[in-house]
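A quick write-up on the structure given underneath.
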Amino acid sequence: MSSEPLHRQLGLQDDELDLIRDTLGRDPNRTELAMYAAMWSEHCSYKSSKVHLRTLPTEGPSVLVGPGQDAGAVDVGDGFAAVFKMESHSHPSAIEPYQGAATGVGGIVRDIVSMGARPVALLDPLMFGPLDEERNRWLLEGVVAGIGGYGNCIGVPTVGGEVRFAPPHSANPTVNVLCVGIARADRLMTAATHTPTPGSLMVLYGATTGRDGIGGVSVLASATIEEGSEGSRPSVQIGDPFAEKLLIEASLELIEDDLLEGLQDLGGAGLTCAVSESATRAGLGARLDLDLVPLREEGMEAFEILTSESQERMLAIVHPSNLEHVLAVCAKWGLATAVVATLESGGDLDIRIGGEQAARVPALSLTEKAPVYERLMRPIRPNGDDPTFASFESDLDEALRSLLAAPNVASKRWVFEQYDRMVQGQTVAGPGSDAAVVRVPGTMKGLALSVDGNGRYGSLDPYLGGAHAVAEAARNVAVTGARPLGVTNCLNFGNPERPEVMWQFSEAVRGMRDACLALDTPVTGGNVSFYNESGGSAIWPTPVVGVVGSLADYRLRVPSGFPIPGLAVYVLGESFAELGGSEFAETVLGMVAGAPPALDLQAERRLQDLLQEAAAGDLLASAHDCSDGGMAVALAESAILGGHGFAVTLDGDMPPHVMLFGESASRVVVSVAPEREGSLRGLAATRGVPFRRLGETGGPRAVIDGMVDATVDELTEVWERAIPRLLGEAS
Amino acid sequence: MSARIGVVTFPGSLDDRDALRAIELMGGQGVALWHADRDLRGVDGVILPGGFSYGDYLRCGAIARFAPVMEEIRTFAEGGGPVIGICNGFQILCESGLLPGALIRNRSLRFVCRVVHLRVETTRTPITADATQGEVLEIPIKHGEGQYVAADDVLDRLEAEGRVVFRYCGPDGETSDDHNPNGALRAIAGIRNRAGNVVGLMPHPEHAVDPDVGPTGGQALFASLFTHVMAPAR
Amino acid sequence: MRFTVEVLVTLKPRLADPQGKAVESALPALGWTNVRGVRVGKHVRFEVESDDETSARAQVDEMAARLLSNPVIEDSRILEVREVQRT
Amino acid sequence: MRFTVEVLVTLKPRLADPQGKAVESALPALGWTNVRGVRVGKHVRFEVESDDETSARAQVDEMAARLLSNPVIEDSRILEVREVQRT
Ligand SMILES: Nc1ncnc2c1ncn2[C@@H]1O[C@H](COP(=O)(O)OP(=O)(O)O)[C@@H](O)[C@H]1O
Ligand SMILES: [Mg+2]
């Protein structure tokens with residue numbers, strides 16, 4: 001055992017202990033110390049990130065619920081709200097990929113339910129180290145199986161995601177999960193609409209409480225994991241999706257019957273977090289009797305019960321007059337219940353065990369009064385090399401094939417076929433399209449959903465990494481014809497106590513901020529995952545952004561692939577000589593260098609507005625954005641997805657490889673019926689979006705005049721087989 | 001009058017709402033049934049829907065088969081009432097002994113969600129009566145444990161008695177290992193009991209009726225079921 | 001009397017075992033080429049209250065046949081029935 | 001020499017076992033109210049070729065820790081190593 005004082009073992013700094021002493025006017029006892037350690041952990045308190053996150057735009061006409069609640073919400077019209085949030089579960093997944101990822105799904109789903117929404121979609125942005133390492137294959141297989149194992153079993157379709165590979169993610173995979181729910185806007189469980197009074201009861205329902213996950217937030221998610229760190233091990237939990245499914249149905253029935261004054265999931269920091277946040281929101285305190293908590297194990301101490309992260313539990317705030325009804329609903333779904341606490345005026349949490357006081361602390365001191373740091377920052381100088389100026393003499397056909405087979409670009413079918421994408425019966429477009437489209441039941445509306453984040457860009461320029469993540473996710477939504485409404489994010493970084501990491505973080509947030517302002521997509525929530533590093537080497541700074549958009553009529557959704565022969569192919573947006581940070585530079589030239597593509601946010605905005613307008617006028621037969629692999633890959637994917645070839649000409653004063661594979665931002669490849677070309681050109685000209693006619697769709701071949709000539713079948717084969725082959729499954 | 005088709009919700013059922021929606025969309029009347037009830041509410045047919053009843057723990061369908069409603073369903077089936085088990089429902093029917101054989105983990109060990117082609121092998125069931133033998137339908141599958149297995153003599157008997165209802169196949173109806181998504185013996189995707197009124201299938205026809213969200217191979221099966229139950233006793 | 005019981009459930013030998021096969025094919029990559037015939041079964045352990053060992057065994061046999069295994073595809077057998085000593 | 005090996009992999013006792021819990025809550029409805037503490041584990045059986053029993057055991061221990069279980073959440077132990085008599 002370590003000889004460190006207890007507070008340091010729990011992850012609290014010396015000055016944080018002093019702050020606790022000041023708050024209480026005495027020394028905290030062991031139980032109290034454990035509560036503060038959990039709530040003041042980086043994971044729960046956002047103490048390093050808060051000052052930066054505050055700069056993000058969070059307001060707009062569509063925003064119903066901004067940051068600070070379990071999840072954000074935007075108004076999608078017809079009286080419905082889309083509730084959404086993203087969260088990371090990278091640390092547990094690094095040591096037990098299946099359960100780590102599975103419980104990550106469980107956690108974010110409960111966040112959505114606790115807002116009063118039915119979860120309707122999951123998206124899973126993932127990053128791993130290269131697949132030639134056995135451990136990385138084990139992680140990928142385990143994480144994907146875990147996400148499927150949980151998501152499939154609770155009946156929430158997984159409709160999209162991302163998978164990227166990069167060497168710095170070998171030791172630290174990134175596992176983020178975004179959940180979207182739908183609620184009637186007037187029934188959202190927000191603090192403003194539900195105000196408990198003293199005497200209201202806290203009902204804990206769902207699974208029993210065991211010793212699992214103790215220290216999960218403070219030890220596992222708020223410190224770096226080193227080789228063989230035995231100490232972090234007991235913190236992994238086992239998910240029970242069946243219990244979660246019952247929890248979802250029971251919770252939604254409680255909300256439907258209007259029986260609740262508040263609802264809170266139990267996630268990081270367990271009961272301590274749920275009780276203190278519920279009390280804080282009500283502006284009250286609470287008296288909590290730990291003897292009433294249903295336990296799975298004998299002899300649990302107060303601090304264990306308070307910080308256990310046992311899964312599949314919820315805490316409902318119930319007026320005594322509704323208690324009987326609440327218990328009956330839970331019983332119908334076979335869930336154990338216990339009235340564990342009563343709200344009291346005064347603001348203190350008064351916690352009892354065995355008839356004695358175990359802890360007494362002000363609820364606010366755990367939540368809103370947690371410490372906030374302005375950590376030191378040190379800029380990293382950009383790398384001087386720029387691959388844009390490297391000459392390239394090799395075969396362009398071959399380069400295209402390499403890019404289509406690059407794991408970042410290749411088809412992710414191996415992943416998403418393991419996910420139920422159709423349960424609930426509303427998936428208009430699932431994985432495989434730029435953004436997923438899910439219907440809002442009972443309306444003509446569709447929600448368009450996308451997640452994006454390019455860690456390579458982030459590593460070369462974190463500001464651009466953040467800005468591109470927003471722009472690309474919003475563009476993916478816009479290509480379907482939908483209007484982006486709001487943003488959630490998961491910010492995956494190294495150790496914030498290192499000034500370089502903190503600088504990367506602040507730059508990424510600044511980039512997101514500028515992009516969100518320009519595109520009118522406020523941030524409604526998100527999650528920060530720090531300490532993704534080991535041995536002093538961190539993951540690429542990876543801000544992952546999720547965008548929720550709305551489509552007035554889902555039948556007007558624009559698909560990604562060329563649907564028929566005989567269409568005109570256009571590119572909207574301008575191409576520049578930019579190869580810095582590109583997939584081509586990494587895969588073909590073997591260099592991660594240069595500046596990522598520039599981003600003109602006003603041009604991006606004009607492009608996205610044009611796409612929505614063109615889709616609403618039914619002008620587009622297909623639209624697919626240019627991202628990884630540039631124009632050549634966008635054209636090839638449009639052909640592969642639609643099953644029709646094309647013949648186009650690219651000209652310009654750039655070397656062919658730069659034209660083909662440069663990743664200039666704000667560009668979209670579209671196909672248009674000949675009779676609508678005029679309208680599209682007119683609209684683009686009015687909206688100030690550059691466009692160029694490249695050629696036509698049709699035939700079995702993908703032909704870029706003088707540069708590329710291959711059959712769509714062979715490109716499809718290369719693109720589809722790449723990941724199974726890397727996993728040793730295809731011949 | 002339209003056909004009244006009951007859909008049973010077990011704890012952990014997932015596609016129960018989808019089945020009810022499909023029934024309504026196809027012009028039938030969906031009736032929600034609850035696992036703990038001993039009452040089929042006078043329905044004309046019963047669907048055991050997909051999902052993960054009781055988490056599929058231990059074995060798929062192992063616990064659900066003991067639900068009170070299953071006794072009623074057994075009686076209903078013995079009386080000739082149509083009982084259709086989809087995916088998890090198929091697993092429950094096998095576990096209950098209402099259909100022979102069992103469904104084990106996919107050969108790949110992975111869950112698989114994909115649209116497949118099915119060849120109709122017999123029209124002597126309530127859901128295929130209006131189809132034609134050899135017809136190919138596009139319907140999605142989504143399961144982790146859909147590999148149909150049975151002893152060789154059981155399989156031979158099923159074949160001999162014309163009780164294989166669907167086989168996985170390619171777009172032109174050809175069977176091959178490439179078109180077998182889970183390793184099912186003899187590419188079996190669905191079977192029926194001797195009388196023909198109890199059918200189990202892994203694919204999800206309820207996810208194949210609405211052209212806005214998927215293929216439409218399930219329409220024929222629902223239409224057939226409705227005609228069958230509404231027909232005067234034969 | 002209280003007994004600790006262990007039951008083993010295995011796929012019938014004539015059935016291919018996908019899980020066993022997956023383990024078997026993963027081993028060579030880790031350097032073990034000397035393993036074969038991998039079969040993965042289920043091991044269920046619990047405590048049962050009963051008058052005596054004979055009746056405990058009889059009950060466990062029935063549980064194994066009715067719930068813990070599916071006799072169409074699986075074999076089951078009791079590995080152990082051991083009395084729990086009260087302290 | 002050829003050995004038949006049996007390895008048992010179980011969830012660490014502190015961790016919840018959803019499968020065991022589901023079985024336990026199903027049993028009363030079937031008339032068994034006298035069962036508790038159900039835990040479901042994995043039983044792996046295979047044959048291994050090795051010079052002697054000691055080296056066989058050492059190899060199986062390593063396989064159990066590296067492939068058959070994840071020591072973060074599971075315990076594994078060898079139930080049996082038995083030489084296969086050639087006939
Ligand atoms: N982990 C995943 N889960 C589900 N779907 C995924 C996953 N990874 C990728 N996809 C799907 O594959 C398609 C291609 O992904 P990606 O190349 O990241 O798209 P884009 O470049 O348009 O952002 C998308 O439809 C995406 O939703
Ligand atoms: Mg895209």
Side-chain angles (χ1 to χ4, degrees), chain A residues 118 141 144-159 239-250 312 331-335 413-432 437-439 441-442 444 446 553-555 557 724 727 729, chain B residues 9-22 24-25 34-37 49-58 60 63-64 87-88 105-116 139-145 178 181-182 203-204 206-215 218:
Chain A
R118 176 173 284 280
E141 282 167 12
V144 170
I147 287 169
Y150 206 100
N152 297 343
C153 190
I154 59 174
V156 180
T158 300
V159 297
D240 182 352
F242 172 54
E244 179 103 341
K245 167 69 177 165
L246 303 178
L247 205 62
I248 295 172
E249 296 304 333
E312 291 95 19
K332 171 183 162 194
W333 290 101
L335 296 174
R413 183 182 304 279
W414 184 91
V415 173
F416 64 67
E417 272 200 349
Q418 297 186 53
Y419 303 150
D420 183 344
R421 62 176 180 275
M422 54 189 69
V423 66
Q424 298 192 15
Q426 308 297 344
T427 309
V428 175
V437 176
V438 173
R439 294 189 297 204
M444 295 311 291
D553 181 343
Y554 66 82
R555 293 167 307 179
R557 170 190 84 98
L727 292 169
E729 289 177 8
Chain B
T9 298
F10 297 93
S13 290
L14 303 178
D15 304 277
D16 46 346
R17 291 160 206 269
D18 303 271
L20 288 168
R21 199 181 322 104
E24 302 278 339
L25 194 84
W34 184 244
H35 68 105
D37 292 346
F52 289 72
S53 58
Y54 299 90
D56 271 1
Y57 292 131
L58 202 57
C60 305
I63 300 177
C87 196
N88 196 226
R105 281 182 81 170
N106 296 349
R107 182 169 52 172
S108 67
L109 292 181
R110 291 195 300 268
F111 188 95
V112 57
C113 175
R114 120 178 11 147
V115 175
V116 298
I139 297 185
I141 55 165
K142 49 189 190 87
H143 58 246
E145 310 193 20
D178 280 351
N182 52 30
H204 286 263
E206 80 282 19
H207 285 288
V209 292
D210 179 349
D212 288 338
V213 291

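In the text below, chain A, chain B and the rest are named by the order of the sequence lines, each starting its count at 1.
Between chain B and the options A:R555, A:R421, A:R557, heavy-atom pairs under 4.5 Å are most frequent for A:R421. Ranking A:V423, A:T427, A:V437, A:V428 against chain B, the residue ahead of the rest is A:V423, based on heavy-atom pairs under 4.5 Å.
With a threshold of 4.5 angstrom between heavy atoms, B:Y54 approaches chain A through its backbone and through its side chain. Residue contact with chain B, scored on non-hydrogen atoms closer than 4.5 Å, is absent for A:E244. With a 4.5 Å cut-off on non-hydrogen atoms, B:S108 does not touch chain A at all.
Among the candidates B:F111, B:Y57, B:F52, the single residue satisfying the side-chain contact (heavy atoms from CB on, under 4.5 Å) test with A:C153 is B:F52.
Side-chain atoms of A:V144 and B:R110, non-hydrogen and from C-beta on, never get closer than 4.5 Å to each other. At a threshold of 4.5 Å between non-hydrogen side-chain atoms, the residues B:C113 and A:Y419 do not count as touching.
Residues forming a side chain to side chain donor-acceptor pair (under 3.5 Å) with B:D15 (at least two apart in sequence, or on another chain): B:K142, B:H207.
With hydrogens and angles ignored, the 3.5 Å screen pairs a side-chain donor or acceptor of B:R21 with a backbone N or O of A:Q424.
What you find for B:L14 and A:I154 is that their closest heavy atoms are CD2-C, 3.6 Å. Heavy atoms only, all atoms of each residue included: B:D212 and A:R439 are closest at CB-NH1, 3.7 Å. Scanning both residues, B:P140 and A:M422, for their nearest heavy atoms gives CB-SD, 3.4 Å.
The salt bridge (charged side-chain N to carboxylate O under 4.0 Å, His left out) analysis of residues 422-432 of chain A, with sequence neighbours excluded, yields no pairs.
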